[in-house]
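Heads up: the structure comes next, in structure tokens.
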Amino acid sequence: MEHLRGLNEEQRLAVTAPLNGQLQVIAGPGTGKTKLLTSRVAHLLLTQNVQPHQLIVTTFTRKAAQEMKERLALLLEGSQIDVSKLRMGTFHSICIRLLRKYSGDMDLDPRFTVASNKDVDDIVDALIGNLPGLELPEKADDVIRDDQGRLSKSKIKRAISHLKSKALDIKAYMESDKHDKDLLTVYEEYDKRMKRQSMLDFDDILLLSLKLLRKRKCLFGIKHVLVDEFQDTNHIQLELINEFSHQNEAFRDNITVVGDPDQSIYAFRGAVSENFEFMKKMYPSCTAVYLRENYRSTQDVLDASELIMKDQQDRDSKLLRSQYKDSFKIVYRNFANDFLEAKFIAKEVEHVISMKLVDENDICILVRSNYMTRIIEKELNNCRIKYSIVKGRAFWERKEISLLVDRLRVVVRPHDSCALLRVLGSHTGIGLMSVKKIGKLIDELHGTNEPLRILQDISCGNLRLEKLQTKVINTCKELYEEIRDCQKIYNRELSDRSSLLRLFDRVSQQQAIQKLVTDDEEKRNNLSEVRKYLEIFEPDDIDQEVEELTLLEHFLNSIDIYSPEEMDDDDRKKTNEPSRKVSISTIHSAKGLEWKVVFVAGLTQGKFPSSHIDPLVESPVKKVCEERRVLYVAMTRAQQLLYVTSASETSVLVKRLTDNTGIATQRQISLSTTEKLEKLARQIGTVVESCESHVQKYLSLHPVVTPQDRYYNKIQTIDKAPSIENRISYAGGKGPKVPSDFKLGRYGYPRIVTKRAVSRIGMPEYPIPDNAPPVLAPTSKSLNLPAQAPKRRKTLGVRRRKP
DNA sequence: GACAATCCCCTTTTT
DNA sequence: GGGGATTGTC
Ligand SMILES: Nc1ncnc2c1ncn2[C@@H]1O[C@H](COP(=O)(O)OP(=O)(O)OP(=O)(O)O)[C@@H](O)[C@H]1O
Ligand SMILES: [Mg+2]
């Protein structure tokens with residue numbers, strides 16, 4: 001029984017549970033739930049006479065699905081079983097395939113497109129503009145309005161998504177007695193626009209699939225349904241799980257779910273960990289398995305994480321046992337500002353890599369929100385550390401890429417007004433107003449005319465729009481002709497790969513794209529990535545049987561399902577050179593993953609927990625509980641070394657780390673003595689040469705900074721100047737350019753900050769390198785500072801330790 | 001009045 | 001990376 005190897009007693013019990021029946025595995029992080037689920041799939045395939053296509057396995061991300069497939073392939077080696085036939089993926093990707101195949105049953109355009117975030121944004125913006133009558137100050141702050149009574153884009157999006165995740169379509173919502181009339185109007189407008197463009201949003205995909213499966217047993221062969229990360233399923237997903245398991249009368253109600261209520265972090269999307277209880281009520285015969293052994297982390301990581309959760313109400317403490325012999329104290333450290341925090345992380349990463357304790361792939365830096373990655377990127381760049389930002393679909397949402405994709409969409413999707421309007425807006429000479437006007441026109445005339453036709457009418461003067469400048473009309477004409485040109489290059493008859501590549505080349509030569517790409521190597525590289533992808537892209541088997549779509553259409557559809565990481569992987573297999581990169585990720589997308597070294601950055605009051613309040617959906621207390629779980633998930637990603645850092649004011653979430661002595665230190669003790677370092681290396685399984693010198697280097701890495709040092713390197717504050725610390729230290733942004741003659745500080749740090757910045761993050765403090773030459777103190781006058789440097793000596797940050 | 005360019009500030013989390 | 005305000009230009 002090869003597939004049962006490497007499992008403990010309890011895990012084995014779960015893996016070999018009967019094919020028929022329901023099973024819940026409820027256990028903490030790193031206890032091997034995902035491993036168990038993978039083994040169970042193998043077990044069912046190998047010993048229970050189950051074919052791959054008779055199983056549904058849902059994972060939380062596409063990456064997780066990919067990983068599970070790879071592990072399964074290993075477990076099933078030599079067995080003739082074709083892993084690719086498994087229905088494995090996220091709920092969404094499984095359902096998209098289903099809907100394409102059975103679109104006929106749902107009266108659905110089989111060539112439907114999945115609306116991107118941008119599409120949804122544009123649609124909601126347009127409908128807000130179309131419903132000026134709904135701006136009602138007296139209804140300020142309701143479910144769809146902001147504090148001034150205007151319709152709010154984000155609120156509308158959330159409200160609609162919320163309805164759909166409770167399986168309320170327009171009809172059902174209308175019939176519910178406590179519906180909001182205005183929300184209903186907005187909902188209808190939204191739906192109208194989506195339908196017109198044959199678009200489905202993420203919630204539609206689940207909702208329609210549920211309806212489909214209830215109407216017709218499309219998945220009649222399914223014998224068992226397996227679900228990972230069950231604590232983050234929402235109402236409609238639980239319904240889907242049920243429906244999946246009702247498709248085959250001979251094998252009804254066969255479900256295995258695994259998860260951990262403490263790791264439920266998607267409440268904002270309707271996830272309810274109570275689904276464990278709901279499921280138990282639905283299936284009283286459901287059995288449960290609990291696991292205690294943790295195979296991922298050291299005991300210190302587990303203890304610190306558990307300590308954080310002590311504040312959690314309604315929770316039994318969960319004592320996990322680490323399987324590691326040696327354990328190392330976690331690091332918690334606060335910095336004066338986020339700039340220094342990022343610098344510390346970069347230095348630390350550089351150190352552990354340079355001593356060959358771990359390599360880049362063993363390291364991850366976790367943050368609460370996406371924007372926090374920028375400052376860290378910048379510092380890693382400074383240290384020439386290779387990194388990659390983990391974010392599934394983000395590649396396709398980059399400016400240059402999405403513009404290209406929009407232009408491709410326009411060529412083959414005649415109803416796609418979202419893409420057309422964005423393409424239009426990308427031309428110089430056409431501004432917001434013109435786009436809005438034309439958008440409105442498309443809205444009004446859609447019944448009889450395709451968007452492209454309307455563009456044509458505008459460009460040849462058939463449709464006269466008031467106050468539309470001739471400049472705009474000319475641009476429309478240009479665009480129209482260009483699109484026609486493209487359609488000559490690529491169409492139903494000319495849909496081979498070389499035509500597609502020719503189309504790509506034509507489109508990427510276009511001015512708006514060229515303007516973005518010149519002077520920006522990264523953007524250029526991104527575009528050639530896409531071209532490379534087009535060269536090798538093959539539609540999925542499953543998708544191929546669906547419809548006679550052209551290659552380009554298949555490609556556009558695949559964007560909804562595949563992440564660029566997979567592109568990257570293909571690439572890597574080809575060139576056969578493993579790319580080593582530090583991961584930077586939000587905590588939410590790091591779910592289920594693990595690294596030897598983990599940094600959790602940005603535990604700063606107001607940022608994490610985010611000061612964002614959403615009293616309409618959750619109570620503030622619940623919100624903090626969820627944020628605490630987010631931190632718990634983050635910390636439990638670590639196998640050996642865990643760092644938690646913050647800037648300026650410390651988050652309430654980590655109070656216990658600072659209050660309790662002996663939990664966290666300010667730098668890694670395991671890197672600070674030869675003996676500990678050797679132990680650590682042994683546990684990791686690497687060989688570190690000359691530990692002694694690395695320890696010495698580590699001790700000097702974060703030098704003690706005296707107040708005098710800080711004083712001499714003090715920052716000049718001025719009233720109105722570019723907020724340099726933003727501009728220099730953050731990648732991107734469209735703020736003021738740093739003047740070319742801008743003086744950097746003595747040590748390469750910015751010396752001028754705005755008063756506003758100082759009030760926000762406090763006066764920056766920069767460490768002085770050991771080899772810094774002496775500096776003459778500037779006069780207090782020139783610095784606008786008190787005449788005397790602070791006298792009291794206080795060690796900042798690191799305390800010297802006895803060797 | 002429409003548009004582009006510039007500056008300042010803020011930024012939840014994802015399929 | 002973008003929303004919003006402001007300014008200068010056509
Ligand atoms: N019985 C075991 N013996 C040795 N290693 C194990 C065992 N079970 C799991 N592991 C290892 O422990 C690590 C964590 O396992 P896994 O990812 O399955 O945990 P999990 O419960 O799914 O965690 P999470 O809640 O974070 O998703 C993996 O590296 C896995 O290979
Ligand atoms: Mg897991």
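Lettering follows sequence order; numbering is per chain, from 1.
- Tyr632(A) pairs by the ring pair (Phe, Tyr, Trp, His ring centres under 6.0 Å) definition with nothing, not counting sequence neighbours.
- Atom-to-atom, CG of Leu432(A) to P of dG1(B) comes out at 16 Å; the value is rounded to the nearest Å.
- Closest to the side chain of Arg269(A), from the set dT11(B), dT14(B), dC3(B), is dT14(B).
- Side-chain proximity of Lys437(A) to dT14(B), dG1(C), dA2(B): nearest is dA2(B).
- Checked against dT15(B), dT12(B), dT13(B), the side chain of Asn370(A) finds its nearest nucleotide in dT13(B).
- Atom-to-atom, CD of Glu627(A) to P of dT12(B) comes out at 12 Å; the value is rounded to the nearest Å.
- Proximity of His588(A) to the phosphate of dT13(B): no side-chain N or O atom is located under 4.0 Å from OP1 or OP2.
- Distance check, rounded to the nearest 0.5 Å: CD1 of Ile458(A) to CD1 of Ile438(A) gives 4.5 Å.
- The side chain of Arg158(A) lies closest to dT12(B) when the candidates are dG1(C), dT12(B), dC3(B).
- Two residues, Ser611(A) and Thr586(A), neighbour DNA chain B, and the one matched to the more 5' nucleotide by heavy-atom proximity is Ser611(A).
- Atom pair Ile265(A):CD1 and dT15(B):C1' shows a separation of 13 Å (rounding to whole Å applied).
- The CD1-P distance, from Ile389(A) to dT13(B), rounds to 13 Å in whole Å.
- Under the rule for a side-chain hydrogen bond (donor to acceptor under 3.5 Å, both in side chains), the partners of Lys211(A) that lie at least two apart in sequence or sit in another chain are Asp169(A).
- Between the CD1 atom of Ile430(A) and the C1' atom of dA5(B) there is a distance of 18 Å, given to the nearest Å.
- Remark on DNA chain B: of its neighbouring residues Phe91(A) and Tyr371(A), the 5'-side contact belongs to Tyr371(A), judged by nearest-heavy-atom nucleotide.
- Distance from the side chain of Lys399(A) is smallest for dG2(C) among the nucleotides dT15(B), dT11(B), dG2(C).
- Each of dT15(B), dC3(B), dG1(C) was ranked by its minimum atom distance to the side chain of His92(A); first place goes to dT15(B).
- Note on ring orientation: taking the six-membered ring where Trp is involved, the planes of Phe60(A) and Tyr266(A) are tilted (angle from 30° to 60°).
- Contacts of Tyr266(A) with the nucleic acid, taken as non-hydrogen atoms under 4.0 Å apart, involve only primed sugar atoms and P, OP1 or OP2.
- A straight line from CG of Leu631(A) to P of dT13(B) spans 16 Å, rounded to a whole angstrom.
- Taking atom NZ of residue Lys471(A) and atom C1' of nucleotide dC10(C), one finds them 7 Å apart after rounding to whole Å.
- The distance between atom CD1 of Ile160(A) and atom C1' of dT15(B), rounded to the nearest whole Å, is 17 Å.
- Under 4.0 angstrom from either OP1 or OP2 of dT15(B) there lies no side-chain N or O belonging to Thr90(A).
- Checking dC3(B), dG1(C), dT14(B) against every side-chain atom of Arg374(A), the shortest atom distance belongs to dG1(C).
- Below the 3.5 angstrom threshold, one finds a donor paired with an acceptor across the side chain of Arg368(A) and the base of dT13(B).
- Neither side chain, Asn370(A) nor Thr586(A), offers a donor N or O lying under 3.5 Å from an acceptor on the other.
- An aromatic stack links Phe268(A) and the base of dT13(B), using centre distance under 5.5 Å and interplanar angle under 30°.
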Practice problem: Please assess Arg374(A) against Asp338(A) for the test salt bridge (Lys or Arg N to Asp or Glu O under 4.0 Å), listing each intermediate value before the final yes or no. | Solution: CA-CA 11 Å; Arg374(A) 292 208 286 270; Asp338(A) 45 2; over 6 Å; no

